[in-house]
Amino acid sequence: MTESPPLLPAPDELTSFFWEAARRRELMIQRCSACGTYQHPPEPVCHSCLSFDLGGAEVSGRGTVYSYTMATQAFHPSFADKLPFCIAVVELDDQPGLKLLTNIVDLQADGVNVGDPVEVCFRALSDAIDLPVFRLVRA
Amino acid sequence: MPKKQRVAIVGVGYSTVGRDTGLSLDTLTAQASIAAMEDAGVKPADIDGVVVHSFPHQYVSATHTAAMLGIPDLAFYSGSVDGAAYSMAALHAIAAIASGSAETVLTLRTVHRAGAAGGSSLVPGMERGAPGPFQFTMPYGSFTGSHWAGLYMQRHMAMYGTKEEDFGAFAVAQREYAIANPSESFFTEPLTIDDYLSARYIAAPLRLLDCDYPVDSSSALIFTTEERARDLRQKPVFFESWAMGTTQESDFSLVEDMTQSSPFRAARRMWSRTDLKPSDVGVAGLYDGFSFIALQWLEALGFCGIGESGPFVSSGHTRADGVIPTNTDGGACNVGRRHGANYFIEVTRQLRGTAGERALPGRPTAGVVSNAVGPFSGCALITAE
């Protein structure tokens, strides 16, 4: 059985910095050059000061698990052989409330808990796309 | 400047409802509209407003609906595709009547089962990859409401010790109501907590039995002024207070606080505009697109303390003899997805005394209805007089 091709993102002018950074194995989040506020996902304007002067800025890649769910049903064929897998919201250490949706990978039998520390890592989806995901920071 | 009008619900109606009716969105819409007009005792020429909520992939036009029904002239119309499902149609119509912009308004929510579970098929341009905001969700396997629902439930469990059995207790209580509503419910077999816990996970801790039941349906309600309502067929019920609420973040998965999302804002706003209190309310219709949403509304509306909805539900307080009888028609998990409208319809029936064998003892004089969760929501307080 051939594997279903992965569901890829379609980078656009607002988001290409994120995917180009991921290709370099860096996590970059949109940041306002005027007031320094991070926001995700990227928007054309800063929601904090309404500046249009925005760019990507590298972040620590560290955060905590805000919440998670174990997906047990695939809604796209490319996920059928990955079940169950962990979809999570991670709050980054770089700014209170700065969150992104992601996967927690490499989970062991003891799973994951809300509040667990995590760090970014990357999974190649194609020759052009690496996906930023997170793994538990083991004590 | 017209004086502010008190707004009444005078007619309610449903279309044929089923898993696969074979009926078009327009046909369903016409059926529900005609049923509501018959219930109210009004004719198309009496209606001067139409407000529809629909989603772009299942768009229903307000102006076309009016033309289809022979409504000669609209003083007010709105086709909302944003936000909290049927409650948006209701709140737009209330605002229109209260402001004097229209007198008698038909409000509608029509849905087709197809595509109900979401997924990549609904997003245009997917052949080039997940576009726009979807590029930050779909590559992670997050496609549908079930995924953010699992996240919301897990967060509540982690913050407050809520148990899976608490969500199950809500499903069990709703099924008891559904059994008493055989003409509308798709499920009339008793449900036990063990049945709930044996249902498969979709996105753990979310189980199949936490999800509303996708159907083809159209729901219609007719609102009018108090003066006009007094001359119509049914005993009118009245909107006492109403409100919308949103969060700063518009993505379901990224709202600031999953356990206290927009319902807390809408509910606070609604209560600030009335002298009534939660203890005055005898019946509730709380959105159960996923069962946890009703639990968040119980907290937001003040029927129990913050974080306490799990034990509250498990103690039976949403049952007919409980603190706040909730979703007495069986809720959308049983009567199917009416996308917010069934709460307004069932609470209306309980308040005006047309709930038949499901009528609550000592007819309640006030009820509350709610719709949606997360980034946007709406709610309203309805009274019998």
Side-chain angles (χ1 to χ4, degrees), chain A residues 6-12 14-16 18-19 39-43 47-48 65-80 82-89 91 96-105 111-116 123 125-126 128-134, chain B residues 115 117-160 199-208 211 247-259 292:
Chain A
L7 196 160
L8 297 174
D12 53 47
L14 212 52
T15 67
S16 55
F18 180 93
W19 298 108
Q39 60 185 13
H40 182 81
E43 297 279 8
H47 71 229
S48 188
V65 175
Y66 178 83
S67 194
Y68 67 94
T69 178
M70 295 303 295
T72 53
Q73 179 174 331
F75 288 85
H76 183 273
S78 65
F79 292 93
K82 297 178 176 61
L83 298 173
F85 62 95
C86 180
I87 299 170
V89 171
E91 183 170 1
L98 178 64
K99 296 191 293 231
L100 73 171
L101 186 88
T102 189
N103 297 132
I104 309 292
V105 299
V112 58
N113 290 295
V114 170
D116 280 352
R123 287 290 151 92
L125 285 188
S126 71
I129 295 288
D130 291 275
L131 191 66
V133 295
F134 284 77
Chain B
S120 56
S121 61
L122 298 180
V123 177
M126 275 300 294
E127 60 282 357
R128 294 184 300 279
F134 298 111
Q135 68 193 280
F136 297 107
T137 55
M138 289 184 173
Y140 295 100
S142 178
F143 290 94
T144 78
S146 62
H147 296 122
W148 55 252
L151 294 167
Y152 279 59
M153 291 166 75
Q154 188 69 58
R155 179 74 183 176
H156 202 276
M157 291 166 69
M159 294 292 289
Y160 300 112
R200 68 183 170 89
Y201 285 123
I202 308 284
L206 179 92
R207 295 175 186 276
L208 184 65
C211 305
T247 57
Q248 152 74 50
E249 296 292 343
S250 63
D251 184 316
F252 275 92
S253 296
L254 300 179
V255 296
E256 301 93 293
D257 186 344
M258 285 182 178
T259 64
F292 89 89

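All values below were derived from every heavy atom in this structure, side-chain atoms included, with hydrogens, water molecules and symmetry-related copies excluded. Since this is a predicted model, take the numbers as computed values, not measurements. First the proteins, then the strands, lettered A, B, ... as listed; each starts at 1.
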Dump the intermediate steps for side-chain contact (heavy atoms from CB on, under 4.5 Å) on M157(B) and V114(A), then the final yes or no.
CA-CA 10 Å; M157(B) 291 166 69; V114(A) 170; over 6 Å; no

Under 4.5 Å from any heavy atom of chain A, what part of M159(B) do you find: side chain, backbone, both or neither?
neither

Heavy-atom distances under 4.5 Å only: say whether E256(B) touches chain A with side chain, backbone, both or neither.
backbone

What distance separates [X] [atom1] from [Y] [atom2], expressed to the nearest 0.5 Å?
{"X": "Q135(B)", "Y": "D12(A)", "atom1": "CD", "atom2": "CG", "value": "5.0 Å"}
{"X": "Y140(B)", "Y": "N103(A)", "atom1": "OH", "atom2": "CG", "value": "7.0 Å"}
{"X": "Q73(A)", "Y": "I202(B)", "atom1": "CD", "atom2": "CD1", "value": "4.5 Å"}
{"X": "N113(A)", "Y": "Q154(B)", "atom1": "CG", "atom2": "CD", "value": "8.0 Å"}
{"X": "S67(A)", "Y": "H156(B)", "atom1": "OG", "atom2": "NE2", "value": "11.5 Å"}
{"X": "F136(B)", "Y": "F18(A)", "atom1": "CZ", "atom2": "CZ", "value": "5.0 Å"}

Over all atoms of both residues, closest heavy-atom pair of [X] and [Y]:
{"X": "L151(B)", "Y": "I87(A)", "result": "CD2-O, 3.7 Å"}
{"X": "Y66(A)", "Y": "R155(B)", "result": "O-NH1, 3.0 Å"}
{"X": "H147(B)", "Y": "T69(A)", "result": "O-CG2, 3.6 Å"}

Below 4.5 Å, heavy-atom pairs only: which of S142(B), A130(B), G129(B) has the largest tally toward chain A?
A130(B)

Quick check for you: among P131(B), G141(B), A158(B), which has the greatest number of heavy-atom pairs under 4.5 Å with chain A?
G141(B)

Chain B heavy atoms under 4.5 Å from [X]: which part of the residue, side chain, backbone, both or neither?
{"X": "Y68(A)", "value": "both"}
{"X": "H47(A)", "value": "side chain"}
{"X": "P84(A)", "value": "neither"}
{"X": "A88(A)", "value": "backbone"}

Decide if atom CZ of F134(B) counts as having more than 12 heavy atoms of other residues, nucleotides or ligands within a radius under 6.0 Å.
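It does not: F134(B) CZ has 12 such atoms or fewer within range.
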
